[in-house]
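Worksheet for the structure shown next.
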2 protein chains.
Amino acid sequence: MTNPEPQLTIREAAQRTGLSVHTLRYYERIGLLLPVERAANGHRRYAEIDLRRIEFLNKLRTTGMSIQQMCEFAALSQESDLTVPQRLAMLEAHRNEVLTYLDELRDNLGAIERKIALYRSIEEKQG
Amino acid sequence: MTNPEPQLTIREAAQRTGLSVHTLRYYERIGLLLPVERAANGHRRYAEIDLRRIEFLNKLRTTGMSIQQMCEFAALSQESDLTVPQRLAMLEAHRNEVLTYLDELRDNLGAIERKIALYRSIEEKQG
DNA sequence: ATACAACTTTGAGCGCGCTCGAAGTCAAGC
DNA sequence: GCTTGACTTCGAGCGCGCTCAAAGTTGTAT
């Protein structure tokens with residue numbers, strides 16, 4: 001009754017989150033992730049809440065937030081609810097950067113598509 | 001009458017393209033850019049066509065194409081019109097990657113915005 | 001008992017994309 | 001003539017984000 005939750009090994013956690021086992025340990029080492037629970041033999045055990053945290057951090061990563069900033073964010077999250085305003089500010093700033101980047105990406109994609117169209121018309125002329 | 005075109009110095013080219021002078025020289029060194037013309041004193045002179053090439057390559061970069069792939073693309077461009085089909089294939093493959101990445105980015109942005117909304121509601125409750 | 005597999009820690013190494021430092025050349029201005 | 005400044009080359013260095021290697025521990029199967 002004390003352990004109703006499935007606890008994943010680091011390998012399973014890696015598979016689920018898409019990170020490597022190396023990366024999971026690395027993230028813990030640099031303080032990005034809080035140390036997770038350990039089995040009797042010292043092996044890491046990941047609970048659902050750990051996985052959800054990792055998955056959110058991963059979303060920050062893939063949208064381009066730096067590890068350093070993620071560490072700041074994670075540190076705030078581990079403090080208290082009083083840090084919510086600061087976390088909010090970080091996320092809003094990051095969201096704005098992502099929006100700017102999305103615009104840039106769309107513009108550049110447009111240029112690439114125009115080039116594709118140009119190449120297609122050249123191909124037609126060449127036969 | 002032999003030089004109707006404005007020729008920019010490397011500094012000016014850097015300002016216009018948003019790259020650093022270091023990067024412009026680096027790109028030339030690794031073969032990503034063809035050697036540009038030189039002034040009598042050996043200084044680089046960038047013509048409009050050079051700048052447009054650089055700007056297009058820069059769009060490939062900022063959409064995530066690797067330097068290595070850009071080199072392949074640039075090499076094809078410097079060969080002949082017969083390489084148009086290969087260039088087209090590269091651009092189409094890259095476009096698809098960018099589209100996939102854009103989707104991922106939008107999804108992750110959505111998750112971040114949901115977190116922002118959550119934090120805002122917490123802030124309200126706290127007063 | 002022994003082999004094997006999965007994990008552990010620690011520190012080193014790597015690939016990418018620049019970025020910089022050192023030493024030299026050249027042209028213009030005082 | 002001498003300084004200043006913008007350029008040149010070349011190789012080394014750097015920051016990021018992992019990624020890996022080595023050596024050790026533990027648990028299971030034969």
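Reminder, nothing fancy here: chain letters follow the sequence lines and each chain counts from 1. Predicted model, so just to flag it, every value in this text is computed and none were measured.
For B/His43 and C/dA28, the NE2 to P distance is 11 Å, given to the nearest whole Å. Here the P atom of nucleotide D/dA6 and the CG atom of B/Leu8 are 16 Å apart, to the nearest Å. If you measure from atom CD of A/Glu28 to atom C1' of C/dT8, you get 11 Å, rounded to the nearest angstrom. Straight-line distance from the CG atom of B/Asn41 to the P atom of D/dT9: 12 Å, rounded to whole Å. Following rounding to the nearest Å, A/Gln7 (CD) and C/dA6 (P) show an atom-to-atom distance of 20 Å. Atom CD in A/Glu12 sits about 12 Å away from atom C1' in C/dC7, given to the nearest Å.
Between A/Arg38 and D/dT26 there is no side-chain polar atom (N or O) within less than 4.0 angstrom of OP1 or OP2. For C/dC7, the OP1/OP2 oxygens have no side-chain nitrogen or oxygen of A/Arg44 closer than 4.0 Å.
Here A/Arg25 lies in heavy-atom contact (under 4.0 Å) with a base.
For B/Glu48, the salt bridge (Lys or Arg N to Asp or Glu O under 4.0 Å) test picks out B/Arg16, B/Arg52, with sequence neighbours left out. Not counting sequence neighbours, the partners of A/Glu28 by the side-chain hydrogen bond (donor to acceptor under 3.5 Å, both in side chains) test are A/Arg44.
Side-chain atoms of B/Glu12 come within 3.5 Å of backbone atoms of B/Thr9 as a donor-acceptor pair (strictly under, hydrogens ignored).
The closest side-chain heavy-atom distance from B/Leu24 to B/Tyr46 is below 4.5 Å.
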Taking only N/O atoms, report every protein-nucleotides 16-23 of chain D pair under 3.5 Å with atom names and distance.
unit_1, atom_1, unit_2, atom_2, d
D/dG17, OP2, A/Ile67, N, 3.4
D/dC18, OP2, A/Tyr27, OH, 2.7
D/dC18, OP2, A/Arg61, NE, 3.0

Worked verdict on B/Ile122 versus B/Leu118 for side chain to side chain contact (heavy atoms under 4.5 Å, CB included): CA-CA 6 Å; B/Ile122 292 175; B/Leu118 175 65; 4.3 Å; yes
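In this structure, A/Glu92 pairs ionically with B/Arg120, as a charged nitrogen and a carboxylate oxygen lie closer than 4.0 Å.
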